[in-house]
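Read through the structure below, which is laid out as structure tokens, and then see the notes.
Just so it is clear: chains get the letters A, B, ... in the order the sequence lines come, proteins before strands, and each one is counted from 1. None of these values were measured; they are calculated from a predicted model.
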2 protein chains.
Amino acid sequence: MKVVFIGSGNLATHLSLAMKGAGIEVVQVYSQTESHASLLANKLSCSFTTEPESIVIDADIYIFSVKDSALLDLIHKIPQNKGLWLHTAGSVPMGVFEGYNDRYGVLYPLQTFSKNRDIDFSIVPVFIESNSAGDEAYLLSFAGKLTRQVISLSSEKRKHLHLAAVWACNFTNHMYLMASKILQEQSLSEAFLLPLIDETAAKVHQLSAREAQTGPAIRYDENIIEKHIELLSDPNMKELYRLISRNIHKESSNE
Amino acid sequence: MKVVFIGSGNLATHLSLAMKGAGIEVVQVYSQTESHASLLANKLSCSFTTEPESIVIDADIYIFSVKDSALLDLIHKIPQNKGLWLHTAGSVPMGVFEGYNDRYGVLYPLQTFSKNRDIDFSIVPVFIESNSAGDEAYLLSFAGKLTRQVISLSSEKRKHLHLAAVWACNFTNHMYLMASKILQEQSLSEAFLLPLIDETAAKVHQLSAREAQTGPAIRYDENIIEKHIELLSDPNMKELYRLISRNIHKESSNE
């Protein structure tokens, strides 16, 4: 089985290397930036190109792993072929491929990918979709080489999943940033927070997030809440603190 | 060394059991609610009381582990003695004890405590403070029996640390709740998010939160941001989504 990677960012890098590790042959990498294309191609020991029209036409699977805006631009530049075209985006419907190739679908890994972080792909849930039942079965088996969790999911459901992931990952990380800014201002080590961050994540394996909630907002301790807002100097952080605390309290009354 | 626990909530329970595990003798538990007092006293194999005036006067350490509002109320009900009085609150200054006992201080464990969750206390950072250098040294050694990380910290610094902890833990957990609500509405399993939640927490052991940020807000992908806000039905979630995304974008321009 031959795979072409269109894209060379964090997700493309992690996903293609996981494929190589699973014994899947990645034959070519495309990126419009030569240094990016060659860097990933070197890691994969395969060829690369910076021109969409030079993408090989005899591969089995084409994985479009680029920014959403670049995806729409690239699809129509690549010659139609007999391969299965997949994108890896949470919020782009599968139908974006319609009219450009016969066989298409989605392979969406629910994970956050950063440079210099190794990911154990075998525990990453991968959500798949295809425009034919045959290719959906094919994808199920293909993705099963990478991970133990492969789930068929519609484009409609996938966009809600992506939205949930923004809260669970991107917004959570922003909370970490706010915390670390407060410690930096006080010349306190950010490392003090790590056992707390780890336990907060570990708790929701065992308790629901509703059961796991602690702190001044859930108790609606207005004395502490007001003191905290006073301690914050940045007006955006004050507003965010107030809004999140109010929402925590509101959710607890909805129980 | 004899310890009295004033309080029987989650923190008092975890802390007193960690002390018992470290070979420290807890001699008595006070709680105004008899069932709570007896439950914890049973776990510790010690006596209990529901009356502040019946608290034994010959212990070495008295740990006030109650809500901030209850703390102020209890301090003046307990007869002055030769023991070291400590509270465990992030945002209450040590000086709250002034005039009520000669020896006092703070023992603040930076962790989130819930029922039915075992905590490995040996990795919890514990912040201490005392009104005398002698007792500070005594506390350093005492807390050192519980954990590998004991740090002397002023009341002023501790309140900022508590504020940071609210972001890193309480607000983070609220982000998990928002994510799980979105999945519940779509009848999707919340367990899908666990590898993502774990990796988001694991990343900040290696990268700064600023470096670790991913997602539509950091790219300022307004197309996705607007689609996501449209998908949300709850006006509070819409407002929160907009505000956090704006703040993520703002922070990235401050780099």
Side-chain angles (χ1 to χ4, degrees), chain A residues 91 110-112 114 117 123-125 157 160-161 163-180 182-183 186 188 192-201 203-207 209-210 212-217 224 227-228 231 236 239-240 243-244 247-248 250-251, chain B residues 91 110-112 114 117 123-125 157 159-161 163-180 182-183 186 188 192-201 203-207 209-210 212-217 224 227-228 231 236 239-240 243-244 247-248 251:
Chain A
S91 290
L110 188 67
Q111 190 48 283
T112 173
S114 291
R117 276 288 302 169
I123 58 159
V124 174
K157 292 266 183 199
H160 290 274
L161 184 66
L163 172 60
V166 166
W167 290 89
C169 167
N170 309 148
F171 289 0
T172 286
N173 186 73
H174 189 61
M175 302 299 114
Y176 299 162
L177 176 61
M178 297 296 97
S180 71
I182 293 164
L183 294 191
Q186 296 296 316
L188 289 168
F192 289 145
L193 292 173
L194 293 174
L196 179 63
I197 285 173
D198 290 347
E199 173 62 11
T200 304
K203 268 164 80 166
V204 291
H205 283 251
Q206 190 184 334
L207 309 172
R210 207 178 280 282
Q213 190 66 57
T214 56
I224 299 284
K227 274 188 197 168
H228 277 176
L231 280 183
N236 293 305
E239 192 185 356
L240 214 46
L243 196 59
I244 298 172
N247 216 39
I248 290 173
K250 231 190 108 272
E251 283 296 332
Chain B
S91 291
L110 188 68
Q111 190 48 285
T112 171
S114 291
R117 275 288 303 170
I123 58 158
V124 175
K157 292 267 183 196
K159 71 184 184 189
H160 290 274
L161 185 66
L163 172 60
V166 166
W167 290 89
C169 168
N170 308 147
F171 289 1
T172 287
N173 186 73
H174 189 61
M175 301 299 114
Y176 300 161
L177 177 60
M178 297 296 96
S180 72
I182 293 164
L183 294 191
Q186 296 295 317
L188 289 168
F192 289 145
L193 292 174
L194 293 175
L196 180 63
I197 285 173
D198 291 346
E199 172 62 11
T200 304
K203 268 164 80 164
V204 290
H205 283 251
Q206 190 185 333
L207 310 172
R210 208 178 278 284
Q213 189 65 57
T214 56
I224 299 285
K227 274 189 195 167
H228 278 175
L231 280 182
N236 293 305
E239 192 185 354
L240 215 45
L243 196 59
I244 297 172
N247 217 38
I248 290 173
E251 283 295 333

Quiz item: Considering only heavy atoms, which portion of A:Ile224 lies under 4.5 Å from any heavy atom of chain B: side chain, backbone, both, or neither?
Solution: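 Side chain only.
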Quiz item: Do A:Phe171 and B:Leu240 come close enough that some side-chain heavy atom pair is under 4.5 Å?
Solution: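 No, every pair of side-chain atoms sits at 4.5 Å or beyond.
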Quiz item: Can you find a heavy atom in the side chain of A:Trp167 that is under 4.5 Å from one in the side chain of B:Leu177?
Solution: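 When only atoms from C-beta onward are counted, B:Leu177 and A:Trp167 do not touch, as no gap falls below 4.5 Å.
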Quiz item: Once you round to the nearest 0.5 Å, how far does CG of A:Leu110 lie from CZ of B:Phe192?
Solution: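 Here the interatomic distance stands at 9.0 Å.
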Practice problem: Please identify each residue that fulfils side chain to side chain contact (heavy atoms under 4.5 Å, CB included) with A:Gln186, with sequence neighbours left out. | Solution: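 Listed in chain order: A:Leu188, B:Lys157, B:His160.
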Quiz item: Of the listed residues (B:Thr172, B:Ile248, B:Leu163), which shares the most heavy-atom pairs with chain A below a 4.5 Å separation?
Solution: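 The residue among B:Thr172, B:Ile248, B:Leu163 with the greatest pair count is B:Leu163.
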Can you say whether [X] sits under 4.5 Å from chain A via the side chain, the backbone, both, or neither, judging by heavy atoms?
| X | answer |
| --- | --- |
| B:Val166 | side chain |
| B:Leu196 | both |
| B:Leu161 | both |

Pick from [options]: which one has the most heavy-atom pairs with chain B under 4.5 Å?
| options | result |
| --- | --- |
| A:Asn236, A:Asp198, A:Leu193, A:Leu231 | A:Leu231 |
| A:Lys203, A:Met178, A:His228 | A:His228 |
| A:Pro216, A:Ala217, A:Ser180, A:Cys169 | A:Cys169 |
| A:Gly215, A:Ala168, A:Ala165, A:Ser91 | A:Ala168 |
| A:Gln111, A:Arg117, A:His205, A:Glu239 | A:Arg117 |

Quiz item: Can you find a side-chain donor-acceptor pair between A:Thr214 and B:Thr112 that sits under 3.5 Å?
Solution: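 A:Thr214 vs B:Thr112: donor-acceptor pair found between side chains.
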Self-check item: Residue pair B:Met175, B:Ile244: steps toward the side chain to side chain contact (heavy atoms under 4.5 Å, CB included) verdict
Solution: CA-CA 11 Å; B:Met175 301 299 114; B:Ile244 297 172; 3.8 Å; yes
Exercise. Kindly write out the residues that satisfy ring-ring contact (aromatic ring centres under 6.0 Å, His included) with B:His174, not counting sequence neighbours, or none if the list is empty.
Key: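 Testing B:His174 for ring-ring contact (aromatic ring centres under 6.0 Å, His included), a comparison that skips the adjacent residues, returns none.
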